[in-house]
Protein chains: 2
Amino acid sequence: MITLAEENYLKAILSISLNEGGKVSTNAIANEIGTSAASVSDMLKKLQEKKLIKYKKYKGVELSESGQNKAINILRKHRLWETFLVNKLGFNWSEVHDVAEQLEHIQSAELIDRLDIFLEHPKFDPHGEPIPTKEGEIPSTNTTPLNELQVNTKGKIMGVSLDEKDFLDYLTKLNITIGTEITLLEKISFDKSLSIKIANTKQHISNDVAKHLLIKIS
Amino acid sequence: MITLAEENYLKAILSISLNEGGKVSTNAIANEIGTSAASVSDMLKKLQEKKLIKYKKYKGVELSESGQNKAINILRKHRLWETFLVNKLGFNWSEVHDVAEQLEHIQSAELIDRLDIFLEHPKFDPHGEPIPTKEGEIPSTNTTPLNELQVNTKGKIMGVSLDEKDFLDYLTKLNITIGTEITLLEKISFDKSLSIKIANTKQHISNDVAKHLLIKIS
DNA sequence: TTATATTTTTAGAGTAGTCTAAAAATTTAT
DNA sequence: ATAAATTTTTAGACTACTCTAAAAATATAA
Ligand SMILES: [Mn+2]
Ligand SMILES: [Mn+2]
Ligand SMILES: [Mn+2]
Ligand SMILES: [Mn+2]
């Protein structure tokens, strides 16, 4: 049996290694989960026991084959539930993450299979994030963070890499959502902020915002 | 904060008092939850602390106002989720209880409001059990258990009072479901078993089965 | 009404997960 | 290469929930 806490650790390790690659540090996990490094150390020992991770003290951690399968399945459930909440229940994309954090732990393979069918096998969640397949594939999306684009490049927003209410509500206020056409007008070297054009309106955003906007160049 | 275990205790107390009325005994709860009487005693003290129950040692327990509200809300969630699983995801009525046991603990009032709308405000769950309203009303159903009917009475099955896979699968095998017209032909005094007629076919069922079939006399 | 059986509570202990403080290991700077 | 800073682990303790065994209370029967 795998506990809810263990599931959250596996998910955190997956999330960090998808973003940063390589071994994951104790502190990175503590930071991601919002817990102490001591608790992480404790838990890593338990996950090691269960062969869900490969862990050498002080040397960082990575998911084992079975740990990775479990983690990806949780990610799949999270994103399918978010899709359900937005597409079927009419939630706003900024409102679904916290509920999905609970729903992702419901244990029933049959439920997820049927949900996937009910949603007509969605490929992306409401934030443009790819939904892992039942087989554990995470389709790679060919996108670039907005802050890495060249000036005068035109593209379309395919997704966001941050799922926090404040951030998503701010995007909505800026008329930014998935599918929005965007042109990068200018990069300010002083603070790395950007001038952009959306629907013929010029706007200014910080680098912190831009780096979480995933663009497909057109 | 209320824990998952506490929620299950409140639900068990509600369920027992709906069936039997009056104070609920420690053993009845232990039996319902499948735990020891000692654990129940422990937990009753905690629920008392939180003013969710009225409890005098050795004298049994009843829900407080706030405990009852909480318990009814869990029942509402359970039955709405079961309705979702059957009506939207195509599960069989015998397959949904265990998953609903998990889903009923998801914390989000908004989610349940929207689910209720999505399901078009269902009044009954897939087992014919009434779904409590948001205000906490449990609509009473004017039905009689089949084993309490007079011989030669005709009626319609409005619901079942037991939600176990074996039982429901057996009913399906007998062509019994909600809405089925049924006539009570004979009561065997020796073992209290019953002869019944369904769709012009004569069948024989035990008292144990009959008592969980809720009939509206026609 | 005293004895017996049943029910309920307490006592003591175990597991899972969490925390803070301190020790040990590793990395960075001088 | 040593010292200082940082990271990670261990130690010890706490909460929530669980259990078995034994004691206390209540119900039933002779
Ligand atoms: Mn999310
Ligand atoms: Mn998402
Ligand atoms: Mn049920
Ligand atoms: Mn039901």
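Letters go in sequence order (proteins before strands), and every chain restarts at 1.
Rounded to a whole Å, the NZ atom of A:Lys50 is 14 Å from the P atom of C:dT15. If you measure from atom CE of A:Met1 to atom P of C:dT15, you get 18 Å, rounded to the nearest angstrom. Rounded to whole Å, the distance from OH on A:Tyr9 to C1' on C:dA16 is 12 Å. In this entry the distance linking CG of B:Asn8 with C1' of D:dC17 reads 12 Å, nearest Å. Between the CE atom of A:Met43 and the C1' atom of C:dT15 there is a distance of 12 Å, rounded to whole Å. Rounded to an integer number of Å, the gap from CD1 of B:Ile29 to P of D:dC17 is 15 Å. The NZ-P distance, from A:Lys46 to C:dG17, rounds to 5 Å in whole Å. Computed from coordinates, the A:Lys23 NZ to C:dT26 P distance equals 13 Å when rounded to whole Å.
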_Residues B:Leu213, B:Leu171; criterion side chain to side chain contact (heavy atoms under 4.5 Å, CB included); working and verdict_ = CA-CA 10 Å; B:Leu213 297 176; B:Leu171 294 186; 3.8 Å; yes
*Can you list the steps and then say if B:Ser25 with B:Asn27 is a side-chain hydrogen bond (donor to acceptor under 3.5 Å, both in side chains)?*
CA-CA 5 Å; B:Ser25 75; B:Asn27 259 1; over 6 Å; no
*Yes or no on salt bridge (charged side-chain N to carboxylate O under 4.0 Å, His left out) for B:Asp116 and B:Lys134, after CA distance, side-chain angles and deciding distance?*
CA-CA 9 Å; B:Asp116 188 39; B:Lys134 197 181 174 184; over 6 Å; no
Identify each atom pair where a protein N or O and an N or O of nucleotides 9-12 of chain C are less than 3.5 Å apart, giving names and distance.
residue, atom, partner, partner atom, Å
C:dT9, OP1, B:Tyr55, OH, 2.4
C:dT9, OP1, B:Tyr58, N, 2.7
C:dT9, OP2, B:Thr26, OG1, 2.7
C:dT9, OP2, B:Ser41, OG, 2.8
C:dT9, OP2, B:Tyr55, OH, 3.2
C:dT9, O5', B:Ser41, OG, 3.3
C:dT9, O4', B:Tyr58, OH, 3.1
C:dT10, OP1, B:Lys57, NZ, 2.8
C:dT10, OP2, B:Lys45, NZ, 3.2

What N/O pairs connect the protein and nucleotides 2-6 of chain C at under 3.5 Å? Give each pair on its own line.
none

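Checked by atom type and distance alone, the side chain of A:Lys54 never pairs as donor or acceptor with a backbone atom of A:Gln48 at under 3.5 Å. Remark: side-chain polar atoms of B:Glu137 are not paired, donor with acceptor, to backbone N or O of B:Pro132 under 3.5 angstrom. The backbone N or O of B:Arg79 lies less than 3.5 Å from a partner atom in the side chain of B:Thr83, making a donor-acceptor pair.
Taking only side-chain nitrogens and oxygens, A:Thr3 comes nearer than 4.0 Å to OP1 or OP2 of C:dG17. Side-chain N/O atoms of A:Asn27 include one lying less than 4.0 angstrom from OP1 or OP2 on D:dT8.
A donor-acceptor pair shorter than 3.5 Å can be found between the side chains of B:Glu82 and B:His127. Between the side chains of A:Gln102 and B:Gln102, no donor N or O sits under 3.5 Å from an acceptor N or O.
Out of D:dC17, C:dT8, C:dC19, the shortest distance to the side chain of A:Ser36 is found at C:dC19.
Taking the six-membered ring for Trp and thresholds of 30 and 60 degrees, A:Phe118 and B:Phe118 have ring planes more than 60 degrees apart, a perpendicular arrangement.
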